[in-house]
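Heads up: the structure comes next, in structure tokens.
Just so you know, ligand 1 is whichever comes first in the structure, and atom 1 is the first atom listed for that ligand. No hydrogens, no waters, no symmetry mates; every other heavy atom, side chains included, goes into these values.
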Amino acid sequence: MSYTKDVLELVGKRNPAEPEFHQAVKEVLSTLKPVMDRHPEYMEARILERLVEPERAVIFRVPWMDDNGTPQVNRGFRVEFNSAIGPYKGGLRFHPNVSLSIMKFLAFEQVFKNALTTLPLGGGKGGSDFDPKGKSDAEVMRFCQSFMTELSRHIGPDTDVPAGDIGVGRREIGFLFGQYKRLRNEFTGVLTGKGLDWGGSLIRPEATGYGSVYFAQNVFQTRDQSLEGKVCTISGSGNVAQYTAEKLIELGAKCVSFSDSNGTAYDAAGIDEEKLAYVMELKNVRRGRIREYAEKFPGAEYREGARPWGIKCECAFPSATENEISAEDARELVKNGCVLVCEGANMPSTPEAVEQFLANGILFALGKAANAGGVAVSGLEMAQNAQHVTWTREEVDQRLRDIMKSIHARASETAEEYGQPGNYVVGSNVAAFIKVADAMMDQGLV
Ligand code: NDP
């Protein structure tokens with residue numbers, strides 16, 4: 001067996017019942033054999049065995065009181081996966097399906113994504129199986145305060161800097177930051193995604209969605225094409241989905257869907273700025289369901305329980321969650337003439353779906369590269385906090401564009417160098433791996 005296969009087998013044995021983590025590791029390792037063949041020193045240093053083992057994983061009890069005075073208990077996690085190139089960095093997810101496997105998959109992916117951003121950021125991820133849906137603001141606050149009471153022992157502006165993810169937006173970051181500040185009596189950039197008046201960066205809320213669209217622009221430029229006039233489906237209706245839509249609309253593309261975990265709203269006439277403003281209010285303020293979109297706008301239809309991949313489109317922007325595009329969905333996208341899939345979410349395509357995309361010549365921008373804009377601007381927020389300065393919207397946006405361009409260039413060049421031109425999966429994984437592995441080699445056996 002080859003070195004990469006041996007390590008994959010080890011990961012399976014050592015981490016039973018962690019399917020998402022296995023999937024994420026397999027996706028990376030399956031692209032690294034040519035690197036190992038060229039660089040035997042990595043195998044001699046057992047670099048893969050070290051890379052697949054988190055530096056630290058913390059699991060903790062989060063007790064809190066609900067509005068009825070009943071004690072509740074959730075489970076909290078922080079996986080500090082790799083700090084070879086910088087402090088651990090990665091979001092917090094609050095969702096009922098959060099498990100150690102999901103935390104480890106996200107933290108592992110984050111190591112590679114962060115390496116691509118050009119910034120000095122290690123990889124981590126955390127969260128809880130707490131479900132913010134249907135909870136009052138007071139309950140969310142009490143939960144966040146209890147969660148941070150434990151998490152604060154493990155994080156710090158030069159150690160580990162969490163941000164938001166599914167279920168963790170501005171409101172939650174506010175409660176978490178407030179509690180950290182109270183416990184430590186210090187005002188530091190320990191979290192990113194903060195409010196603009198208390199250390200946040202302009203463009204951070206927009207960054208993942210905008211960055212994903214900038215990446216798609218770069219991909220199309222290699223084909224002398226643009227996004228203008230292209231019909232685009234988007235899944236999700238949260239942070240990433242909303243700002244993906246905002247940038248696509250600005251660039252003249254036609255967005256036709258949003259979704260949530262209950263179903264899909266399909267608007268063949270196209271989602272314009274006014275309709276997008278409605279979705280932002282619906283999701284961010286009223287915390288309602290996407291079904292209401294179809295009730296509000298005549299001509300739009302609601303498909304209960306469906307994902308958007310059956311809708312005819314030229315570009316698909318999966319921006320909800322992992323494994324949301326099955327092999328069958330992928331075949332449907334190919335059949336309907338889709339030419340580009342750009343992953344705003346983390347690992348939204350199943351391995352079988354990715355196979356379909358690559359076999360059918362779809363331009364496939366994988367999440368590690370395409371959605372790195374969020375963490376990149378988080379890195380810029382850290383830089384501003386450290387210098388006690390704030391950059392303008394234009395300045396941050398320009399840096400984000402430059403970073404996405406450089407990620408695209410790096411992935412393309414590396415894919416070419418390894419004999420797989422146009423394969424962003426190979427290009428992104430290999431480029432990121434070499435950067436992290438070389439830093440680990442330099443720093444000795446730690
Ligand atoms: P939000 O919580 O703002 O929105 C998540 C959206 O996805 C909601 O519409 C939600 O619907 C939907 N969703 C969540 N879980 C499921 C599910 N199991 N099935 C179907 N739909 C689901 O999260 P974000 O927009 O921040 O994150 C979306 C994706 O982007 C995630 O994969 C995240 O890891 C990734 N990402 C986010 C970054 C960021 O900066 N925020 C950075 C990089 C990646 P519902 O309301 O019904 O739950």
Quick one: which ligand 1 atoms are inside 4.0 Å of a heavy atom on [X]?
X      : answer
Gly344 : 30 (O), 35 (C), 36 (N), 44 (C)
Ala345 : 29 (C), 30 (O), 32 (O), 35 (C)
Gly236 : 9 (O)
Arg204 : 40 (O)
Arg93  : 31 (C), 32 (O), 33 (C), 34 (O)

Tell me, which protein residue and heavy-atom name are nearest [atom], and how many Å apart are they?
atom                    : value
atom 47 (O) of ligand 1 : Ser261 OG, 2.4 Å
atom 23 (O) of ligand 1 : Ile166 CA, 3.4 Å
atom 39 (C) of ligand 1 : Thr208 OG1, 3.3 Å

For [Y], does its backbone N or O pair with a side-chain atom of [X] as donor and acceptor, under 3.5 Å?
X      : Y      : answer
His22  : Asn15  : yes
Asn239 : Pro205 : yes
Thr70  : Asp66  : no
Lys247 : Tyr243 : no

query: Please walk me through it: do Tyr266 and Phe258 pass ring-ring contact (aromatic ring centres under 6.0 Å, His included)?
result: CA-CA 7 Å; Tyr266 171 39; Phe258 277 123; over 10 Å; no

query: Any idea which part of Lys368 is under 4.0 Å from ligand 1, heavy-atom wise: side chain, backbone, both or neither?
result: neither

query: With a 4.0 Å heavy-atom cut-off (strictly under), which part of Lys133 contacts ligand 1: side chain, backbone, both or neither?
result: side chain

Decide whether the shortest distance between a heavy atom of [X] and an atom of ligand 1 is less than 4.0 Å.
X      : result
Arg289 : yes
Gln242 : no
Ser259 : yes
Glu343 : no
His95  : yes
Gly169 : no

message: Evaluate Leu106 for polar contact with ligand 1, using N/O atom pairs at a separation under 3.5 Å.
response: no

message: Under 3.5 Å between any N/O of Asn239 and any N/O of ligand 1: does that happen in this structure?
response: yes

query: Is the NZ or CZ atom of Lys275 positioned over Phe297's six-membered ring, under 6.0 angstrom from the centre and within 45° of the axis?
result: yes

- prompt: Looking at Phe130, is Lys135 sitting on its ring face, NZ or CZ under 6.0 Å from the six-membered ring centre and within 45 degrees of the normal?
  reply: yes

- request: Take atom 35 (C) of ligand 1 and look for protein heavy atoms under 4.0 Å from it; say yes if you find one, no if not.
  value: yes

query: atom 4 (O) of ligand 1: which of Gly238, Pro318, Ala320 has the nearest heavy atom?
result: Gly238

query: Considering only heavy atoms from C-beta outward, does the side chain of Cys313 approach that of Leu333 to under 4.5 Å?
result: yes

- request: Side-chain contact test, heavy atoms from C-beta onward, threshold under 4.5 Å: evaluate it for Val73 versus Val62 and give yes or no.
  value: no

query: Counting heavy atoms not belonging to Arg75, are there more than 12 under 6.0 Å from its CZ?
result: no

- prompt: Ion pair present between Glu381 and Lys194, side-chain N to carboxylate O less than 4.0 angstrom?
  reply: yes

